[in-house]
Number of protein chains: 2
Amino acid sequence: MVTLAEVAQHAGVSASTVSYVLSGKRSISASTRERVELSIQQLGYHPNAGARALASSRSNIIALMVPLRTDMYVPVMMEIAIAVATSARTHGYDVLLLTGEEGPAAVRRIAGSSLADAMILMDVELHDERLPLLRDSGRTAVLIGLPADTSGLTCVDLDFEATGALCVDHLAGLGHREVAVIGEAAAVYERHTGFAERTVDGIRAKAQDAGVRILHRPCEGGYAAMAGTLARIFDERPGTTGFIVQNEAAVEPLLNLLQQQGRAVPEDVSVVAVCPDQVATQASVRLTSVAIPAQEMGRRSVEQVVAKLGGRGTDEVDLLEPVLTVRASSGPAPV
Amino acid sequence: MVTLAEVAQHAGVSASTVSYVLSGKRSISASTRERVELSIQQLGYHPNAGARALASSRSNIIALMVPLRTDMYVPVMMEIAIAVATSARTHGYDVLLLTGEEGPAAVRRIAGSSLADAMILMDVELHDERLPLLRDSGRTAVLIGLPADTSGLTCVDLDFEATGALCVDHLAGLGHREVAVIGEAAAVYERHTGFAERTVDGIRAKAQDAGVRILHRPCEGGYAAMAGTLARIFDERPGTTGFIVQNEAAVEPLLNLLQQQGRAVPEDVSVVAVCPDQVATQASVRLTSVAIPAQEMGRRSVEQVVAKLGGRGTDEVDLLEPVLTVRASSGPAPV
DNA sequence: GAGGTCGGTCGAAGCGCTTCGACTCCACTC
DNA sequence: GAGTGGAGTCGAAGCGCTTCGACCGACCTC
């Protein structure tokens, strides 16, 4: 491995000069700079990450804690993770991948070892155990999600209340008066991962204003679960003409079952989903949907981290405006 | 931050003793060990990762390069990534997440900076640009996938040839004589990501033995693409009674279209998929499938890495035996 | 022309850890 | 009773980098 000292010797300057060429923290004459850069090129020098971290107490690593549960919401998580990794690189950071497995202890370990300069936590629960540890670790952190107490923390998330409201608005505008909400699996509510509740809150509030009756039912993914849920919904509210689907894994089963029951989408029944655009456009009916902007969330969270590390930090909640795209799954309520 | 020196002072021993307690590389008396461990506890000491890496020239980090293309095969990739991260932790390693974005240069950067002790590459192509760089970086590496030249490299993958053969075997055993293969998107073949070709090779070879006619057609995911592909298949081979589906995103559209055309599964047509078990069990028809053992692949690749770093390394190709599970989508060919 | 300023460079002191050699005891051996 | 060897501990020398203060000309200013 080539070291900084070797580069310095090769270029006929001192080690510190090379370091300053690299970091730009002091001015260097053009001629020296060029000479050093040439040596770096020729020798194929790469600064040693460990030495750098030790001397500067900055590792240029951001830790990303993803949820362990691989069973829900996977494409979104993956998209966020990839967006985080790629945008981190554009800011000169690498990303360390932590799974929920280790639990809150991971926060302590990473903070204690100075392995990462900052952390991004995904899938934050309302009363997340990691938050107290995070707060008194003093480490920079950004959450994707919205806990109950956001004081001293930066949060990035989709505005799920507005998302819920937007869905209701759309359906109400089309004349629907009885709307069923296909929620997330019951476990998601039990964990109090705020987004599910917030969506429903948004739906409820707007529904009241708009004179829409809401029936909210949690639902696991898959056909069997969806069939049962759907039967019960039409049982209780035969007049249901609108559906808001929160759970991605329920989208395709729902469309399929409706079709089998001879209910045409969108003539008899309208469906609005909250899901990534890709899911909406690849479904058997092109879905009217509110997009989950996974990439944007990843990108923003990195930008917040970088800003905070650069001292331009802001402790604030950064809620993304939801956007509803009308496609082929929603239309006027039948008369 | 608490340092090793502070722990040493608190415990009344020298710094090196604390280090040896931590690493176990020299014998330490029980009483000293206990005293040191207590001090570590009380002070909440965590070794500084950078200092450790610098002094020992081991970072205890494994770099994982995931493909950038988030559009294909996502759940499998995610599952592998999570499995890699969690099993790495059980061996004392953390995982650095690299995306394809940076391209082959990432290999050079990581190797050069000693940021990671080893690399795991996913989505390896037949003639992958990263391999030459990897070889002469001298860094430990494990590939998930199978390149053309495996010399000096350890590879972990599902035995896709056997997978293809297994599918044909199953269908042939049920009496099917005309089988269509719904392949991956054309782009996948163009990139020469070996697995797709290997599966087809396995299918072809076994088909010849078994007297089965094969029609192989690449197919994008989604309904529109599948509809076109399916129409052309029945056009060319009206007697087709068996389907082997490689592309996960085509599974649901295929089932749906077959249903719409009045072809019952499995009475009229049998379907065998190559996909994770979760997809197979959550589909509208419970699918007979060969599982893609994502977790197992992640776990094994970490084990290979750890073995190699520990000097117990083996340059070998570690192909996982495919397993076919019969579910509700396949049955005897109609007479 | 003395004093001040600033751009450009260097030397040296760490950052917190690992590891090697050396040292001390103590229990054995012959 | 000297010699041997292992167990347990310590001190010191780095690992490769950043960064601070110092230094040296060159250019201004009054």
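Protein chains get the first letters and strands the later ones, always in sequence-line order, with residue 1 at the start of each.
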Enumerate the protein-to-nucleotides 23-25 of chain C contacts in which both atoms are nitrogen or oxygen and the separation is below 3.5 Å.
none

Minimum side-chain heavy-atom gap [X]-[Y] below 4.5 Å:
X	Y	value
A:Ser113	B:Asn48	no
B:Ile82	A:Val66	yes
A:Leu4	A:Ser19	yes

Between the side chains of [Y] and [X], is the shortest nitrogen-to-carboxylate-oxygen separation below 4.0 Å, so that they form an ion pair?
X	Y	value
A:Arg89	B:Glu101	no
A:Arg300	A:Asp157	no
A:Asp117	A:Arg139	no

Nearest whole Å is fine: how far is [N] [atom2] from [X] [atom1]?
X	N	atom1	atom2	result
B:Asn48	D:dG16	CG	P	17 Å
B:Arg58	D:dC15	CZ	P	19 Å
A:Arg52	C:dC15	CZ	P	20 Å
A:Leu4	C:dA12	CG	P	16 Å
B:Glu6	C:dC15	CD	P	11 Å
B:Leu115	D:dC17	CG	P	13 Å
A:Gln9	D:dC17	CD	P	14 Å
A:Leu54	D:dG16	CG	P	12 Å

Neighbour count >12 (heavy atoms, 6.0 Å) for atom CD, B:Gln9: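 No, not enclosed.
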
Would you indicate, yes or no, if C:dT18 has its OP1 or OP2 atom less than 4.0 angstrom from a side-chain nitrogen or oxygen of B:Lys25?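 Result: no.
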
I need the A:Leu134 CG to A:Met65 CE distance, nearest 0.5 Å.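 The CE atom of A:Met65 is 9.5 Å from CG of A:Leu134, to the nearest 0.5 Å.
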
Taking only residues two or more places apart in sequence or in another chain, which ones pass side-chain hydrogen bond (donor to acceptor under 3.5 Å, both in side chains) with A:Arg130?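 A:Asp128.
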
Every protein N/O within reach of nucleotides 7-11 of chain C N/O, cut-off under 3.5 Å:
unit_1 : atom_1 : unit_2  : atom_2 : d
C:dG8  : OP2    : A:Ser27 : OG     : 3.1
C:dT9  : OP1    : A:Ser29 : OG     : 2.9
C:dT9  : OP1    : A:Thr32 : OG1    : 2.3
C:dT9  : OP2    : A:Ser29 : N      : 2.9
C:dT9  : OP2    : A:Ser29 : OG     : 3.4
C:dT9  : OP2    : A:Thr32 : OG1    : 3.4
C:dT9  : O4     : A:Arg26 : NH1    : 2.7
C:dC10 : OP2    : A:Ser14 : N      : 2.9
C:dC10 : OP2    : A:Ser14 : OG     : 3.2
C:dC10 : OP2    : A:Thr17 : OG1    : 2.3
C:dC10 : N4     : A:Arg26 : NH1    : 3.4
C:dG11 : N7     : A:Ser16 : OG     : 3.4
C:dG11 : O6     : A:Ser16 : OG     : 3.2

Using a cut-off of 4.0 Å on non-hydrogen atoms, how would the nucleic acid contact of A:Ser56 be classed: base, sugar-phosphate, or nothing?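 The answer is sugar-phosphate, as A:Ser56 gets under 4.0 Å only of primed atoms, P, OP1 or OP2.
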
